[in-house]
Every structure is written in C-alpha cells, then in structure tokens.
Amino acid sequence: MPELPEVETVARGLRAALVGCSIAGVEIRWKRSITTPDPTAFARRLEGQTVADVGRRGKWIAIVLDSSDTLLVHLRMTGQLLLDSGACPDERYTRVLFLLDDGRRLRFSDVRKFGRIVLTTNPDDVLGDLGPEPLADDFTAARFGELLAQRWGRIKPLLLDQRFLAGLGNIYASEALWRASVHPLRQANSLAPDEVQRLHEGIRSVLRAAIAAGGTTLEDAAYQQADGQPGEFSRQLAVYGREGEACPCCGAAIERVKVGQRSTYLCPRCQLLPEEE
DNA sequence: AAAGCACCCTGTACGC
DNA sequence: TGCGTACAGGGTGCTT
C-alpha cells in the first residue's frame with residue numbers, strides 16, 4: 001500500500017516525465033474516483049492544461065498545472081499512476097485516463113476503487129489538515145516531543161493519524177517503532193526523551209531508506225513506480241508481514257497483534273511494554 | 001481526546 | 001469444482 005516513500009517515488013517519476021506536457025483529453029471510467037468537481041467539469045477543465053510541476057504532501061500527489069489548478073491524487077490502497085505509450089495489456093482496472101498531447105497516456109488504475117482525485121484551485125482545502133512532513137527540516141525531535149506530550153492515546157494509531165504526522169501508513173509505522181524499540185501500545189505522552197529521539201530517528205531513517213530503494217512492493221500489492229518497476233524495500237522490512245520470523249536484532253519470533261483494528265508487527269523482546277501501561 | 005465501528009471495494013484464501 | 005464467507009487496508013464519518 002502506498003505510503004510516503006512510494007508516493008514520493010511516484011511523484012519523482014512523474015515530475016521527470018510530465019513537466020511541460022499538456023493534457024489533450026480525459027476519459028473517466030469510474031466516476032467516483034473523482035471527488036470534485038463533477039466528472040464533466042473535471043474533464044473539460046483539464047483539457048489543454050500543461051503540467052508545471054509534480055510534488056507530494058503526505059500521501060497526496062500534487063500535479064501542479066500552469067493555470068491556478070492543481071490535480072491532487074490519493075492512491076489509497078491499490079491506486080497506481082502509470083505512464084504508457086498508448087496501449088497496455090490489461091485495462092481492467094483503469095479508472096481514469098489522461099491523454100497527453102504527445103500520444104502517451106497517464107493511467108489511474110485502481111483495483112479496489114478507494115483512490116481519489118481532486119481538481120482544485122485551493123489545495124489547502126484538502127491538504128490543510130495534514131500534520132508535519134516527517135522529513136522536513138523543521139520536523140525536529142524537539143518538535144516531535146512537544147506534539148507527543150499533548151497526546152494520551154497509544155503511539156501506533158497516533159502515527160497513522162495523518163493530522164498528527166503526514167505520510168506514515170501501516171508498514172512504516174510498525175518499522176519505525178521497531179527501529180526505536182518502542183512498543184506500539186505505549187501511551188504517546190509517556191515516552192522518555194531518549195525514546196522520542198529514537199522514534200524520531202526511526203521514522204526518518206526508515207522513510208529515507210525506503211525512498212532510496214524506490215519504495216516497498218509487497219507480493220500481493222499493486223504499488224509500482226510510474227515506469228511500472230516494483231520497489232525494492234520489502235527485503236529490508238524488519239517486522240512488517242514477518243510474523244513468526246526471527247527479529248533481525250535479537251532473533252526472537254516476530255509477533256502480530258491488532259492495535260486499533262490494524263495488524264501491527266513487533267519484536268516482543270526488543271519492544272517492551274512497561275508494566276504500568 | 002480517544003476509541004470503536006461501519007463503510008467504501010475487490011481479490012484472495014479458506015472452509016465445507 | 002464451486003459456493004459462501006472472512007479478511008486485508010487508508011481514510012472518513014458517526015457514536016460512545
């Protein structure tokens with residue numbers, strides 16, 4: 001499932017491939033993939049627009065157009081943005097098709113139809129509620145500590161809350177907690193300064209490493225880079241999806257538990273839960 | 001503020 | 001083989 005590193009990888013690929021290109025036409029095959037405006041206005045407004053830049057905020061891809069419009073894309077679970085030269089073997093899951101003026105196509109493919117596309121002149125309407133970017137310079141351990149100190153809930157669901165911190169999903173939340181040796185059920189405001197420091201570093205290091213590897217592609221997952229290549233980070237996952245396997249650090253068997261209705265993976269020996277919690 | 005749950009979807013895995 | 005059902009998951013919205 002695409003999280004920050006996968007979305008960043010896609011955005012970089014699209015930036016290299018799309019800037020300067022114009023949209024000649026739009027074909028909408030699943031209307032609910034478009035949040036706003038309505039499909040007719042969406043297609044009409046996009047035709048003739050040129051891509052000025054491609055960026056990312058949290059798990060949103062922002063395709064900035066040379067008018068006052070921005071195309072925001074959220075891949076959710078199975079969304080993909082793929083470039084092709086005008087044909088592809090399997091069109092089954094194509095939900096929206098952007099026809100480019102040079103004959104290529106940008107294809108929004110999405111098996112489970114959870115992904116969403118927004119065309120807006122005010123991206124902040126969508127992005128404004130997002131928490132800090134974990135890799136930004138001003139997201140310091142001190143700032144992270146201040147934010148954690150205000151929260152009484154469990155740390156793992158908090159890391160998944162996009163209003164608290166933007167971009168982490170189920171995979172990297174588990175990985176970051178393992179890197180920091182912090183148990184997922186810990187109360188957020190109970191973390192000691194050294195734990196805050198480790199978790200801050202765990203989050204940033206796992207995201208950086210995953211971006212460097214082109215993201216994570218799981219066996220059954222849909223994520224691919226814009227050129228269709230799989231990400232290589234799955235081999236570096238320490239705990240996610242590895243129930244019963246040996247912890248790379250201590251060798252104990254990795255456990256899977258439910259936290260807030262989500263599967264969470266941890267090492268029961270490295271990530272201890274203090275008795276009072 | 002925090003937690004639980006239903007919902008949106010479909011492919012896959014499983015039990016019978 | 002073939003059916004039915006549970007499950008996975010990001011985000012939203014509602015309720016407790």
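Since the structure is predicted, the reported quantities are computational estimates derived from the model, not experimental observations.
- Taking atom NZ of Lys156(A) as the reference point, atom P of dG9(C) lies 8 Å away to the nearest angstrom.
- Contacts of Phe164(A) with the nucleic acid, taken as non-hydrogen atoms under 4.0 Å apart, are absent.
- We find that Glu133(A) and Arg57(A) are joined by a salt bridge, their nearest charged nitrogen and carboxylate oxygen being less than 4.0 Å apart.
- Across the protein-nucleic acid pair, Asp125(A) atom CG and dT12(C) atom P stand 14 Å apart, rounded to whole Å.
- The nearest whole Å value for the distance from the CD atom in Gln162(A) to the P atom in dG10(C) is 9 Å.
- Closest approach to the Val111(A) side chain among dG9(C), dG11(B), dG10(C) is made by dG11(B) (side chain taken as heavy atoms from C-beta onward).
- Note: CZ (Arg116(A)) to P (dC7(B)) measures 16 Å, nearest angstrom.
- Between His74(A) and Trp60(A), the two ring planes are perpendicular [angle over 60°; tilted spans 30° to 60°].
- Taking atom CG on Asn189(A) and atom C1' on dA2(B), their separation rounds to 12 Å, with Å as the unit.
- Aromatic ring orientation, His200(A) versus Phe144(A): tilted (interplanar angle from 30° to 60°).
- Distance CZ (Arg32(A)) to P (dC7(B)): 13 Å, rounded to an integer number of Å.
- Of the side-chain N and O atoms in His74(A), none sit less than 4.0 angstrom from OP1 or OP2 of dG10(C).
- Using a cut-off of 4.0 Å between Lys/Arg side-chain N and Asp/Glu carboxylate O, Arg143(A) and Asp138(A) are scored as not salt-bridged.
- A salt bridge is absent between Arg104(A) and Asp84(A); no separation between the charged side-chain nitrogens and carboxylate oxygens falls under 4.0 Å.
- Of the side-chain N and O atoms in Lys59(A), none sit less than 4.0 angstrom from OP1 or OP2 of dG10(C).
- Side-chain proximity of Tyr93(A) to the nucleotides dG11(B), dG11(C), dC9(B) is greatest for dG11(B).
- In this entry the distance linking CD1 of Ile171(A) with P of dG9(C) reads 9 Å, nearest Å.
- The backbone N or O of Ser190(A) sits less than 3.5 Å from a side-chain atom of Arg186(A), completing a donor-acceptor pair.
- One donor-acceptor pair, N or O on each side, does fall under 3.5 Å between the base of dG10(C) and the side chain of Arg262(A).
- Closest to the side chain of Arg154(A), from the set dG4(B), dG11(C), dG9(C), is dG4(B).
- When distances are taken from the side chain of Lys258(A) to each of dA8(C), dG9(C), dC9(B), the shortest belongs to dA8(C).
- The nearest whole Å value for the distance from the CG atom in Leu165(A) to the P atom in dG10(C) is 15 Å.
- Here the nucleotide nearest the side chain of Met77(A), chosen from dG4(B), dG11(B), dG9(C), is dG9(C).
- The side chain of Ser263(A) places an N or O atom within less than 4.0 Å of a non-bridging phosphate oxygen (OP1 or OP2) of dG9(C).
- OP1 or OP2 of dG9(C) lies within a sub-4.0 Å distance of a side-chain N or O belonging to Tyr240(A).
- Between the side-chain ring of Phe114(A) and the base of dG10(C), a stacking contact exists by the 5.5 Å and 30° definition.
- Nearest-nucleotide mapping onto DNA chain B: of Gln261(A) and Arg151(A), the residue sitting toward the 5' end is Arg151(A).
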